[in-house]
Every structure is written in C-alpha cells, then in structure tokens.
Amino acid sequence: MDINYDIKIKVLVVDDHPVVAEGTVSMLSFEPRIAVAGTAKTGRECLQLAETAKPDVVLLDINLPDICGVDLVDNLKELYPEIKIIMFTGHNPEEYMQSAMAKGAHGFLLKDCSPKEMAEVVLRVFAGEVSFPQSMSVVLKAVSGAKDQENLLTPRELEIIELVAKGLQNKEIAASLGIKTRTVDYHVGNILTKLGVSSRLEAVITWKNLKYS
C-alpha cells in the first residue's frame, strides 16, 4: 500500500447518532494521515458536505433517517465518481454486501472495530483497494474457499483479480491489459469457477482472505 505521508486523506463521517459520529472522529484522529472533513447526520447533509468539503473517503452509515446508505451510494458515485465509500454498520453486513459493492462501495467497517482497523481500511480504500477489517472474518469465511485455491489461478488471472479488486469493470481491465473484453470475460468466469463463488464480490473477498491470511 503506497500512501504519501505528505498528504491528508479527507474523510466525511456520515452517521445520525451523535455519540457514534463523535467517537468515529476521535478514532480517526489517531491516524496522522487522516483528516476529518466533516460529519453529516442525513443523506441530504452528506451530499451537501460532499460538494463543499470534497472528501476523498466517505464513511457511510447504512441506516440513515432519510435514505438507506446503500441507496445513497448511487447518488454519491453519480455526482463524484472518484470518491471512495466505506459502508459503516453495527449489524451483520452480509445482506448488504452484494448490493453495496455492486453500486460502487469500496469496503465495510463494523462499528465495534478498533481505531487501528478503521484507519487501515480507510488507507487501503484510499489506495484503490477493496478492503474489509479483521473483525469481519466471520463474514469473510462464509464466502472463502480453501487456502490452496489461490494456487489455482494463473498469472493472468491473478492480474485480472487484482484489477477487479480495484473496482475495474471487464472493459476497463481489457484496456488496461491490452486484451479483448471477451478474453477478460473468459478469465473472470474461470476465476469464479476456481474459487467456488458466483459473483465478482465473492471472488474479491475470497482472494483477499487467501492473500492476507
């Protein structure tokens, strides 16, 4: 993970519970590479602050009073395509993971995470990775395969899963690697089969769990 220590990663905290929001701001303050760009209690406030504060990363509660955080991802990505979004929840996020990641979210955090976990996920997401904290290991294991599955991937498939993990679609991957889109489609299909999963999200989670275990 290559982070320039001379820059501050601006994080917008979105949560309708003041105690949680204040605690999150306090936890982020321990990481010198992170600066809190503001806090919002609603989806509307989030969009307003995203325009004025121009955050790099949004730490977004799933349950907001005026909109579901997962649906707000659509609005944020439409207005600010480069913004990174981390879903923030106190509940088991398994039911939200598929839809949130499909809309463009880059990771998940549980509200009982440690300051170290929170900072690590923010830094990884800012660096362009899809990231999950260690405290989500139960969810990760639910979609993970055996350790030796990683060795089933060819060098080309490893290149492609790296790019999938960065949020690139097949057409973008093809352009990046100088190959045809249908070739990428073929490789992605093989990756899903080899990892024993049925979606790109599950493939990324499985691969990340194998890579960092």
Side-chain angles (χ1 to χ4, degrees), residues 1-4 7-18 20-25 27-29 31 33-91 93 95-111 113 118-133 163-176 181 199-201 204-205:
M1 179 173 54
D2 187 14
I3 298 293
N4 186 344
I7 67 173
K8 288 278 190 177
I9 301 169
K10 295 188 293 183
V11 177
L12 172 60
V13 177
V14 185
D15 197 295
D16 63 323
H17 295 91
V20 175
E22 291 170 10
T24 302
V25 171
M27 291 170 73
L28 291 171
S29 70
E31 172 51 62
R33 289 167 286 181
I34 295 174
V36 176
T39 60
K41 299 182 181 68
T42 66
R44 183 176 181 179
E45 287 183 9
C46 172
L47 293 174
Q48 290 173 340
L49 279 172
E51 180 179 6
T52 58
K54 299 184 178 0
D56 303 299
V57 177
V58 176
L59 197 53
L60 179 60
D61 187 12
I62 287 178
N63 296 308
L64 297 173
D66 58 343
I67 188 174
C68 173
V70 175
D71 294 329
L72 186 58
V73 174
D74 279 331
N75 302 103
L76 286 167
K77 296 301 287 187
E78 181 179 356
L79 294 170
Y80 315 104
E82 300 303 316
I83 206 166
K84 310 294 185 182
I85 301 171
I86 300 169
M87 307 308 297
F88 196 39
T89 179
H91 307 287
E95 62 182 291
Y96 301 103
M97 289 174 66
Q98 191 79 18
S99 57
M101 300 298 283
K103 289 174 182 288
H106 299 81
F108 275 80
L109 264 175
L110 299 180
K111 290 185 178 181
C113 68
M118 181 177 290
E120 183 177 278
V121 170
V122 170
L123 293 171
R124 288 191 179 280
V125 164
F126 178 74
E129 298 183 25
V130 174
S131 188
F132 303 86
L163 296 175
V164 170
K166 292 181 178 180
L168 273 66
Q169 298 303 309
N170 287 7
K171 188 175 181 180
E172 297 170 310
I173 294 173
S176 175
T181 302
S199 72
R200 296 163 72 91
L201 170 60
V204 169
I205 295 172

Next on the checklist: Whether the side chain of Asp16 engages the backbone of Thr42 through a donor-acceptor N/O pair (distance < 3.5 Å, no angle test) should be reported.
Outcome noted: no
Checklist entry - Is any side-chain heavy atom of Ile62 less than 4.5 Å from a side-chain heavy atom of Phe108? => result yes
Checklist entry - Hey, is the main chain of Lys54 close enough, under 3.5 Å, to the side chain of Lys10 for a donor-acceptor pair? => result yes
Checklist entry - Can any side-chain N or O of Lys77 pair as donor or acceptor with the backbone N or O of Ile83 at less than 3.5 Å? => result yes
Checklist entry - Lys111 versus Asp61: any side-chain heavy-atom pair under 4.5 Å? => result yes
Item to check | Nearest heavy-atom neighbours spanning Leu49 and Ala40 | outcome: CD1-CB, 3.9 Å
Item to check | Any donor-acceptor N/O pair, Glu45 side chain to Lys41 backbone, under 3.5 Å | outcome: yes
Checklist entry - Can you tell me how far the CG atom of Asp66 sits from the CZ atom of Arg44, to the nearest 0.5 Å? => result 9.0 Å
Item to check | Shortest non-hydrogen separation from Gly43 to Ile67 and the atoms involved | outcome: CA-CG2, 3.9 Å
Item to check | Shortest non-hydrogen separation from Cys46 to Val58 and the atoms involved | outcome: SG-CG1, 4.3 Å
Item to check | Considering all heavy atoms, the nearest Asp15-Ala21 contact | outcome: O-CB, 4.3 Å
Checklist entry - Val11 and Thr24: side-chain contact (heavy atoms from CB on, under 4.5 Å), yes or no, with the steps? => result CA-CA 11 Å; Val11 177; Thr24 302; over 6 Å; no
Checklist entry - If you round to the nearest 0.5 Å, how far is CE of Met87 from CG of Leu72? => result 8.0 Å
Checklist entry - Do side-chain atoms of Asn75 reach the backbone of Leu47 as a donor and acceptor pair under 3.5 angstrom? => result no
Checklist entry - Looking at residues at least two apart in the chain, or sitting in another chain, which of them share a salt bridge (charged side-chain N to carboxylate O under 4.0 Å, His left out) with Asp74? => result Lys103
Checklist entry - Cys113 and Met27: which non-hydrogen atoms are nearest, and at how many Å? => result O-CE, 3.2 Å
Checklist entry - Got a second to check how far Lys166's NZ is from Glu129's CD, nearest 0.5 Å? => result 7.5 Å
Checklist entry - Does Glu51 reach the main-chain N or O of Gln48 with its side chain, forming a donor-acceptor pair under 3.5 Å? => result no
Checklist entry - To the nearest 0.5 Å, how far apart are OG in Ser176 and CG in Leu163? => result 5.0 Å
Checklist entry - What is the minimum heavy-atom distance between Ala119 and Ile34, and which atoms define it? => result CA-CD1, 4.2 Å
Checklist entry - Taking it one step at a time, do Ile85 and Val57 satisfy side-chain contact (heavy atoms from CB on, under 4.5 Å)? => result CA-CA 6 Å; Ile85 301 171; Val57 177; over 6 Å; no
Next on the checklist: Taking the side chain as everything from C-beta on, heavy atoms only, tell me whether Val14 gets closer than 4.5 Å to Thr39.
Outcome noted: no
Checklist entry - Which is it for Val121 and Phe88 under the side-chain contact (heavy atoms from CB on, under 4.5 Å) test, yes or no, and what are the steps along the way? => result CA-CA 11 Å; Val121 170; Phe88 196 39; over 6 Å; no
Checklist entry - Distance from Thr181 atom OG1 to Glu172 atom CD, nearest 0.5 Å? => result 10.0 Å
Checklist entry - Do the side chains of Lys84 and Asp56 get nearer than 4.5 Å, heavy atoms only? => result no
Item to check | side-chain contact (heavy atoms from CB on, under 4.5 Å) between Val122 and Glu31, worked out | outcome: CA-CA 10 Å; Val122 170; Glu31 172 51 62; over 6 Å; no
Next on the checklist: Strictly distance-based, threshold 3.5 Å: is any side-chain N or O of His106 a donor or acceptor partner for the main-chain N or O of Ile86?
Outcome noted: no
Checklist outcome for this item: The side-chain hydrogen bond (donor to acceptor under 3.5 Å, both in side chains) partners of Asn170 (sequence neighbours excluded) come to Asp185, Arg200
